[in-house]
Amino acid sequence: MSETQTRKNEKPARSLNFIEEIIEEDIRKGKNDGRVHTRFPPEPNGYLHIGHAKSICLNFGLAEKYHGITNLRFDDTNPIKEEVEYVDSILEDVRWLGFDWEKRLYYASDYFEQLFEYAVILIKKGMAYVCDMPAEEISASRGTPTRPGKESPFRNRTVEENLALFMRMRAGEFPDGARVLRAKIDMTSPNMHMRDPVLYRIIHTSHHRTGNKWCIYPMYDFAHGQSDSIEHITHSICTLEFEVHRPLYDWLIREIGIYAPRQIEFARLNLSYTVMSKRKLLELVKENYVKGWDDPRMPTISGLRRRGYTPDSIRNFAEIIGVAKRDNVIDVSLLEFCIREDLNKRANRVMGVINPVKIIIDNYPETLVEEMEAANNPENPDAGIRKVPFTRELFIEREDFLEDPPKQFFRLAPGREVRLRAAYIIKCERVEKDSVTQAVTAIHCTYDLNTKSGMPDSNRKVKGTLHWVSAPHAVEVDVRLYDRLFVVPDPDNAEEGKSFKDYLNPDSLKEVKGYLEPSIRLAKSGDRYQLERLGYFSVDPDSTEKRLVINRIVPLKDSWAKTEKKN
RNA sequence: UGUCCGAUGGUGUAACUGGCAACACGUCUGAUUCUGGAUCAGAAGAGUCCAGGUUCGAAACCUGGUCGGACAACCA
């Protein structure tokens with residue numbers, strides 16, 4: 001391969017994002033011996049969504065790029081909210097996205113004993129104390145961002161007393177909420193997180209991994225940074241809201257005297273026409289606005305998977321959107337672009353009609369069945385061809401016929417000719433209508449024998465090409481037409497007195513029948529197809545032997561719809 | 001009357017770290033096409049939040065504003 005060819009095949013070098021710049025700088029300085037070790041640290045209290053996908057791709061991607069490794073660690077410090085169901089779904093989602101944590105699956109709860117010892121160190125140094133104030137009082141005495149807080153009356157207990165109390169907390173001598181362990185920092189700090197933050201609280205609840213071993217649990221702030229430290233994470237990448245926590249993590253690590261990872265914060269992903277907070281997604285699930293966490297309308301990874309999105313398309317999306325620190329809202333059309341681009345190359349084509357109207361080809365032999373050859377994927381000759389039966393009676397899309405068409409309409413109309421994809425050119429001769437409703441019930445056409453696809457004289461120019469299906473061969477399937485979940489770009493930003501749920505799209509799911517070519521009988525759950533001229537579809541797991549259910553992932557771009565709208 | 005972070009076409013990210021703003025999506029033309037898809041060619045669209053300053057030269061550096069976001073769970 002020549003020099004120039006090599007260059008041409010290379011992707012143009014993308015400039016570094018700010019995190020890569022930091023990492024390369026660290027490597028250059030020989031920090032951590034040039035080692036790069038990241039981690040993805042979800043809390044198992046909900047399903048992962050596309051925003052997490054960004055973080056997953058970032059963490060694993062960075063490690064891959066710099067020949068490092070990535071841990072998967074569950075930050076499971078609150079047994080009240082966490083469940084194994086969520087652990088399992090998260091493992092599946094990360095794996096599905098195509099990432100491998102190898103043997104490095106950890107839990108913050110693995111470190112409970114170690115964390116407890118860290119707490120003891122702080123107590124012995126006089127840097128932590130047991131506080132008996134009830135939650136409301138602690139909260140009230142914390143002050144506000146603009147007003148300093150007041151010191152707890154328990155702040156100056158002796159080391160011995162603190163130690164004894166903390167041991168008794170662990171021993172289960174006190175009820176939930178009776179006491180907490182707090183760091184002794186500065187109640188007047190302009191940073192709220194430095195105002196004697198709670199380190200440990202009493203929760204008599206069984207934990208999904210440690211069972212009833214513990215009745216005191218570390219707060220996230222006391223577990224997260226130290227967990228990263230224990231795992232010798234070099235770069236702790238997290239979202240912007242933890243920027244204010246960083247001084248606390250640094251303080252803890254310094255006082256305890258352990259290895260300090262470098263935390264880098266980036267702006268979380270926002271997507272238009274959806275919501276991303278776990279709380280809101282949970283609400284949609286619990287209140288049955290959707291059919292579950294994996295409802296194809298959800299921005300969850302499991303929802304996108306069920307919808308038919310490919311891991312590649314999501315990873316590419318994560319790459320394309322970039323990483324920075326400013327707030328951002330990515331247009332869903334970019335996500336849609338990514339899945340179209342991917343599926344255009346890999347999805348086989350198939351024909352099917354969703355809103356059928358009958359075509360009768362009057363000059364076609366009544367009993368003849370021709371097997372038309374159609375390319376499985378015009379973008380990829382290797383995909384081969386398939387046979388599609390053609391008969392005298394067909395279905396076409398109702399929208400592909402107009403009795404009185406505008407000049408820009410290239411489809412079927414009285415006296416007009418169109419190409420039937422992979423078959424003949426037909427001409428519309430007359431229509432049959434319902435005497436009452438005046439609706440078109442059948443369209444009578446004639447076909448031109450010499451225009452069969454692939455024949456030497458078949459290249460006569462016609463304006464339009466329609467998809468079709470032989471009426472007697474049509475396979476009836478259930479079609480789920482999905483659309484955006486919300487009707488406004490920013491449902492989070494509800495006006496006064498309204499909630500995000502007031503902006504739910506009533507037409508986000510339309511269930512209709514479809515009539516597909518017989519080759520679809522080979523389809524299995526999870527398969528993806530392009531229904532020609534309609535869009536990309538995936539076979540839903542609800543499908544049975546007897547009946548297929550297909551999901552519309554995304555429609556094809558429709559420039560006709562656009563020009564139609566203009567007029 | 002706080003602290004921290006941010007501000008570049010409609011959207012998102014760049015600008016080799018001071019040398020007259022680029023890429024992607026979207027939009028619009030045209031070509032081509034047996035998918036009004038795809039592909040190809042091209043166009044419009046920001047003078048970089050504002051005001052000063054440093055400099056031969058500023059999106060970048062400095063100062064002061066403005067606007068936006070985060071922070072007041074015994075959540076993560």
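Every chain is numbered from 1, with letters handed out A, B, ... down the list of sequences. Computed from heavy atoms alone, side chains included, the values below leave out hydrogens, waters and symmetry copies.
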Give a yes/no on whether any side-chain N or O of [X] is located under 4.0 angstrom from OP1 or OP2 of [N].
| X | N | result |
| --- | --- | --- |
| A/Arg201 | B/A76 | yes |
| A/Lys325 | B/A70 | no |
| A/Ser15 | B/C23 | no |
| A/Ser333 | B/G26 | no |
| A/Arg533 | B/U33 | no |
| A/Arg326 | B/U8 | yes |
| A/Lys345 | B/A38 | no |
| A/Lys562 | B/G36 | no |
| A/Ser559 | B/G37 | yes |

From the options [options], select the nucleotide whose nearest atom is closest to the side chain of [X].
| X | options | answer |
| --- | --- | --- |
| A/Glu379 | B/A76, B/G36, B/A38 | B/A38 |
| A/Leu556 | B/G2, B/G12, B/U35 | B/U35 |
| A/Asn78 | B/U17, B/A76, B/A14 | B/A76 |
| A/Thr144 | B/A72, B/U11, B/G36 | B/A72 |
| A/Asn328 | B/G12, B/G36, B/A76 | B/G12 |
| A/Glu532 | B/G12, B/G36, B/U35 | B/U35 |
| A/Lys557 | B/G36, B/C74, B/G37 | B/G37 |
| A/Thr146 | B/U35, B/G2, B/C75 | B/G2 |
| A/Asn17 | B/C71, B/C74, B/A14 | B/A14 |
| A/Arg421 | B/A70, B/U35, B/G12 | B/U35 |

Is the glycosidic angle of [N] within 90° of 0, making it syn, or outside that range, making it anti?
| N | result |
| --- | --- |
| B/A51 | anti |
| B/G47 | syn |
| B/U17 | syn |

**Request:** Check the surroundings of atom CZ in A/Arg147: do more than 12 heavy atoms from other residues, nucleotides or ligands lie under 6.0 Å from it?
**Result:** no
**Message:** Just checking A/Lys452: does its NZ atom have more than 12 heavy atoms from other residues, nucleotides or ligands closer to it than 6.0 angstrom?
**Reply:**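 Result for NZ/A/Lys452: enclosed.
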Reckon [X] touches a base, only the sugar-phosphate, or nothing at all at heavy-atom distances under 4.0 Å?
| X | value |
| --- | --- |
| A/Glu21 | base |
| A/Ala135 | base |
| A/Phe409 | base |
| A/Arg246 | nothing |
| A/Ile80 | nothing |
| A/Leu240 | nothing |

Rounding to an integer number of Å, can you tell me how far [X] [atom1] sits from [N] [atom2]?
| X | N | atom1 | atom2 | answer |
| --- | --- | --- | --- | --- |
| A/Glu341 | B/G37 | CD | C1' | 14 Å |
| A/Asn191 | B/C71 | CG | P | 12 Å |
| A/Asn316 | B/C25 | CG | P | 11 Å |
| A/Ile396 | B/U35 | CD1 | C1' | 15 Å |
| A/Glu137 | B/A73 | CD | C1' | 16 Å |
| A/Asp342 | B/A38 | CG | P | 15 Å |
| A/Gln408 | B/G36 | CD | P | 15 Å |
| A/Phe337 | B/U39 | CZ | C1' | 13 Å |

**Residue from A/Glu371, A/Glu373, A/Glu517, A/Glu370 passing side-chain hydrogen bond (donor to acceptor under 3.5 Å, both in side chains) with A/Lys387** =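 With A/Lys387 as partner, side-chain hydrogen bond (donor to acceptor under 3.5 Å, both in side chains) holds for just one option, A/Glu373.
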**Asked** Going by modelled atom types, is there a donor-acceptor pair between the base of B/U35 and the side chain of A/Gln530 at under 3.5 Å?
**Response**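 Side chain to base: pair present.
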**Prompt:** When you match A/Val329 and A/Phe242 each to their closest nucleotide on RNA chain B, which lands nearer the 5' end?
**Reply:** A/Val329
**Closest-nucleotide 5' rank along RNA chain B - winner of A/Arg419 and A/Glu243** = A/Glu243
Return the pairing partner of [N] with a 3.5 Å limit on both distances, Watson-Crick or G-U wobble; otherwise return none.
| N | value |
| --- | --- |
| B/A43 | B/U27 |
| B/U55 | none |
| B/C4 | B/G69 |
| B/A22 | B/U13 |
| B/G64 | B/C50 |

For [N] and [M], measure between their [atom1] atoms and round to the nearest Å.
| N | M | atom1 | value |
| --- | --- | --- | --- |
| B/U27 | B/A59 | P | 31 Å |
| B/G6 | B/U13 | C1' | 15 Å |
| B/A22 | B/U8 | C1' | 11 Å |
| B/G42 | B/C25 | P | 15 Å |
| B/U3 | B/A72 | C1' | 12 Å |
| B/C16 | B/A31 | P | 40 Å |
| B/G57 | B/G19 | P | 14 Å |
| B/A15 | B/A7 | P | 12 Å |

Are [X] and [Y] close enough that a side-chain donor and a side-chain acceptor fall under 3.5 Å?
| X | Y | result |
| --- | --- | --- |
| A/Asp312 | A/Thr310 | no |
| A/Glu336 | A/Tyr536 | no |
| A/Asp196 | A/Tyr129 | yes |

Between [X] and [Y] (judged by ring centroids, cut-off 6.0 Å), do the two rings come close enough to count as a pair?
| X | Y | value |
| --- | --- | --- |
| A/Phe390 | A/Trp468 | yes |
| A/Tyr529 | A/Phe537 | no |
| A/Tyr217 | A/Tyr200 | no |

**Asked** A/Tyr424 vs A/Tyr447 aromatic rings, parallel, tilted or perpendicular, using cut-offs 30° and 60°?
**Response** perpendicular
